[in-house]
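Every chain is numbered from 1 and lettered A, B, ... according to where its sequence line falls, protein lines coming before strand lines.
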Amino acid sequence: MGKAPDRSQWAGNFGEWFHRVLSEVPVYDIRYPVKGTGVWTPYGFKIRKEVTDVIREELVKRGHEEVLFPLLIPEYMLKKEAEHIRNFEEQVFWVTHGGTTPLDVKLALRPTSETAIYPMFQLWINAYSDLPVKIFQIVSVFRYETKATKPMIRVREVSTFKEAHTAHATREEAEMQVKEGVEIYSRIFERLGIPFVKSVRPDWDKFPGAEYSVAFDTVMPDGKVLQIGTVHFLGQGFSKAFDIKYMKADGGYENVWQTCYGISERVIAALISVHGDDHGLVLPSRVAPIQVVVIPIVYKGREDEILRACVGVAEELEKAGFRVKLDDRKEETPGSKYFTWELKGVPVRVELGPRDFDKGTAVLVRRDSLEKVTVERTSLVEEVKSLLERIDLDLKERAKKWLDEQIVKKEDLEDAKKVLESRGGIVELNWCGNVGCGQDLEAKLDARVLGIPYEDSRNPEGSCVNCNSKANMIIRVARSY
RNA sequence: GGGGCCGUAGUCUAGCUUGGACUAGGAUGCAAGCCUGGGGCGCUUGUGAUCUCGGGUUCAAAUCCCGACGGCCCCA
C-alpha cells in the first residue's frame with residue numbers, strides 16, 4: 001500500500017506549484033519572448049487536444065457546427081456595437097501596416113469574434129427557415145492585457161478560445177439556447193471532473209453588449225476564483241447593430257435573437273489545478289495522453305522474460321483500447337520512472353517484476369491515491385478498466401468536495417472579509433440587489449461580485465449585509481484571477 | 001490610475017548594501033561511466049551564464065546612475 005501523495009505545496013504555494021508543473025511536465029513553455037504568450041509542448045498539446053475534443057463532442061451532439069472565421073477584423077466592423085467596443089477598445093492589437101505601407105483601414109486581431117461573425121450572419125440569414133443558426137470555432141484571440149499576465153490564466157494570446165454563436169427567431173428560443181449552453185458546459189466540466197458554481201453576473205460585469213451573462217467559476221488551490229466559462233444572452237443588440245433580420249411567416253421582418261458562449265484554455269489550467277498534487281499532474285482518463293504506463297521491474301538474469309511479458313501486457317492493453325506506454329528504458333531505475341509518469345499524471349501504472357511473473361500477477365498503482373493492488377494477469381484488462389473508472393469518479397468527487405468546502409455563507413461583512421483574506425474561496429451573502437450597494441460591497445471587501453446563483457431557489461431571510469435594507473437575493477463574492 | 005521590488009547557465013538561486021581576491025559559487029537538469037534495481041539512492045567525469053538589452057560614471061561594473069524590455073507585488 002502506498003500512501004496518498006502530499007498536497008502541501010499544491011495548497012500552500014500554488015503559484016510556484018503551477019509554474020513548476022507547467023515547466024517540468026512540460027505542458028506549456030512560457031519562455032517565448034512575447035509577453036502573455038506561451039508554447040504548447042507536445043505533451044501539453046495532447047492534453048489540450050483531448051480537452052477540445054470533449055468540448056467539440058458536446059457541442060456537435062447538440063447540433064452545433066464548426067466553422068473558421070478570419071483573424072482580422074476591419075476597424076469599422078469592430079466598432080459597430082457601441083458598448084462592445086467601449087469595453088474592448090483598450091485591449092485590441094492593431095495591424096496598421098502592410099509591409100511599409102500604412103493601411104487605409106486598420107485591422108484588429110480579434111479580441112473575440114462577434115463583430116467578425118455577425119456581418120456574415122446578416123448575409124446568411126434571410127428567412128425563419130434559416131434559423132436557428134448554431135456555430136462554433138476554436139481559435140486564438142488577442143487581448144492586450146495591461147495587468148500582469150499569468151500562463152494560461154491571463155494571457156495576451158488566448159490560444160484555445162472556443163466560441164459558440166447562435167441566432168434564433170424569438171426571445172424565448174434564444175433564452176432556451178442559453179439554458180442549453182449552460183447544460184453543455186456543465187456536461188463538459190463534469191466530464192473533466194472540474195467542479196463549478198454557476199452565477200448570473202451582475203449588470204456591471206456582464207459581457208459587453210449582452211443583456212445578461214451566466215458564468216461558471218471554480219476555486220483554485222490558493223482560494224482565488226477562476227472563471228472557466230460564460231454563456232451570454234445577447235438579445236437583439238448585435239442583430240440591430242449588424243442588421244441581421246429574417247422574414248417571418250407573415251411576411252414581416254424581425255431582428256434575430258442571439259446568444260454566444262465561450263470557454264478558453266483556462267479550463268485546462270483548472271483541470272491541471274483542481275486535480276493535481278505535489279507529485280505533479282493527475283489526469284482524468286478521458287484527457288490523459290497516456291492512460292496506462294507499463295514498467296518492467298528488471299533483475300539481472302531475468303531481463304528477457306520480464307521484458308517480453310511487459311510487451312505482451314502493453315499489447316493486450318492497447319488492443320483493449322487504452323492509450324498505453326511501455327517504459328522499457330534500461331538506463332533508468334524503476335523509482336525514477338515512477339516519478340516521471342506520476343509527474344505527467346498517467347492515471348494507472350502497471351508494474352511487472354519477477355515476483356509477479358512467477359505468480360501470474362501484476363501490480364496496479366493508481367495515480368490519485370498511489371494505492372497498489374495485485375491482480376491476476378488474466379483479468380488485467382478488466383481490472384484496469386474498472387480502476388480507471390474508479391479513479392475518474394474519485395477525482396471528480398474529491399474536487400467537488402473541495403469546492404464545497406470553499407463556499408461559505410456569512411451574515412456580516414467583517415466575517416466575510418476575514419474569510420476572503422485568510423483562505424479565500426467564495427462567500428455567499430444576503431443582498432438587496434442595488435447596483436450601487438453591490439459596487440460598494442466590492443470596494444469594502446476588496447473582492448469581486450460573482451453574481452447571484454443561477455437557477456437557485458433559495459430565498460434570503462433578513463437584510464442586506466451592506467446597506468441593511470431588505471435582502472432580495474443571495475450574492476456570491478470572491479477574490480478572483 | 002498611483003507606489004514598490006526584481007532580472008545571474010534549461011530551471012531555482014548565492015554574490016549587489018560598502019565597485020577590485022568573481023577565473024561569477026551552489027543545487028537541480030542534461031550527457032557519459034560505474035554501482036544499483038518493487039520509490040528520484042550513491043560515486044566519478046563532463047556540459048552549460050557575452051551576469052536581460054542599450055547607454056553612462058570609473059583606472060576598474062554582475063555590483064553605482066539613466067532608459068528600454070521582461071517578471072512580480074501592493075494600494076485605489
Which protein N or O atoms sit under 3.5 Å from an N or O of nucleotides 39-43 of chain B?
{"residue": "B:G39", "atom": "O6", "partner": "A:E342", "partner atom": "OE2", "Å": "3.2"}
{"residue": "B:G39", "atom": "O6", "partner": "A:R349", "partner atom": "NH2", "Å": "2.9"}
{"residue": "B:G39", "atom": "N1", "partner": "A:E342", "partner atom": "OE1", "Å": "3.2"}
{"residue": "B:G39", "atom": "N1", "partner": "A:E342", "partner atom": "OE2", "Å": "2.6"}
{"residue": "B:G39", "atom": "N2", "partner": "A:E342", "partner atom": "OE1", "Å": "2.7"}

Subject >> Other residues, nucleotides, ligands: >12 heavy atoms within 6.0 Å of A:R191 CZ >> reply: yes

Complementary nucleotide of [N], counting Watson-Crick and G-U pairs under 3.5 Å:
N     : value
B:G46 : B:C30
B:U36 : none
B:A9  : none
B:C41 : none
B:C22 : none
B:C53 : B:G67

Taking the [atom1] atom of each, how far is [N] from [M], in whole Å?
N     : M     : atom1 : result
B:G10 : B:U52 : P     : 13 Å
B:G29 : B:G70 : C1'   : 24 Å
B:A62 : B:G2  : P     : 34 Å
B:U63 : B:A21 : P     : 13 Å
B:C73 : B:A9  : C1'   : 27 Å
B:C59 : B:G1  : C1'   : 46 Å
B:A24 : B:G19 : C1'   : 15 Å
B:G26 : B:C22 : P     : 13 Å

**OP:** Output yes when A:R398 and A:D277 qualify as a salt bridge under the 4.0 Å nitrogen-oxygen rule, no when they do not.
**Re:**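 No, no charged N to carboxylate O under 4.0 Å.
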
Write down the distance between [atom1] ([X]) and [atom2] ([N]), rounded to a whole number of angstrom.
X      : N     : atom1 : atom2 : result
A:K330 : B:U36 : NZ    : P     : 18 Å
A:N13  : B:C73 : CG    : P     : 11 Å
A:W341 : B:G38 : CH2   : P     : 19 Å
A:R302 : B:G38 : CZ    : C1'   : 13 Å
A:I153 : B:C72 : CD1   : C1'   : 15 Å
A:D327 : B:G37 : CG    : P     : 18 Å
A:E371 : B:G38 : CD    : P     : 21 Å
A:D328 : B:G37 : CG    : C1'   : 16 Å

Can you name the closest pair of heavy atoms from [X] and [Y] and give their distance?
X      : Y      : answer
A:A362 : A:V350 : CB-CG1, 4.1 Å
A:I391 : A:P347 : CD1-O, 3.5 Å
A:F18  : A:P151 : CE2-O, 3.5 Å

Original post:
Base, sugar-phosphate, or nothing for A:K337, non-hydrogen atoms under 4.0 angstrom?
Top reply: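 No contact.
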
**OP:** Could you check whether A:K150 gets within reach of a base, just the sugar-phosphate, or nothing at all, counting any heavy atom under 4.0 Å?
**Re:** nothing

Original post:
Does the side chain of A:V427 come within less than 4.5 Å of A:L420's, by heavy atoms?
Top reply: yes

Original post:
At what distance, to the nearest 0.5 angstrom, does CG of A:L429 lie from CD1 of A:I474?
Top reply: 9.5 Å

Subject >> Along RNA chain B (nearest heavy atom to each residue), the more 5'-positioned of A:V34 and A:R355 >> reply: A:R355

**OP:** Report the residue (A:K35 or A:L352) whose heavy-atom-nearest nucleotide on RNA chain B is the more 5′ of the two.
**Re:** A:L352

Subject >> Pairwise side chain to side chain donor-acceptor pair (under 3.5 Å) hits with a residue in residues 319-329 of chain A, at least two apart >> reply: A:D327-A:R329, A:D327-A:W341

Subject >> salt bridge (Lys or Arg N to Asp or Glu O under 4.0 Å) partners of A:K80, counting only residues at least two apart >> reply: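 With neighbours one apart ignored, the set is empty.
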
Can you tabulate the close N/O pairs, meaning under 3.5 Å, that link protein atoms to atoms of nucleotides 7-13 of chain B?
{"residue": "B:G10", "atom": "O3'", "partner": "A:R31", "partner atom": "NH1", "Å": "2.9"}
{"residue": "B:G10", "atom": "O2'", "partner": "A:R31", "partner atom": "NH1", "Å": "2.6"}

**OP:** Please list all pairs passing the ring-ring contact (aromatic ring centres under 6.0 Å, His included) test where one or both residues lie in residues 200-228 of chain A, with sequence neighbours left out.
**Re:** A:H84-A:F207, A:Y185-A:F216, A:F189-A:F216, A:F196-A:F216, A:F207-A:H232, A:Y212-A:F233

Subject >> Selection residues 362-411 of chain A - residue pairs positive for ring-ring contact (aromatic ring centres under 6.0 Å, His included), sequence neighbours left out >> reply: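 Residue pairs passing ring-ring contact (aromatic ring centres under 6.0 Å, His included), neighbours aside: A:W10-A:W402.
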
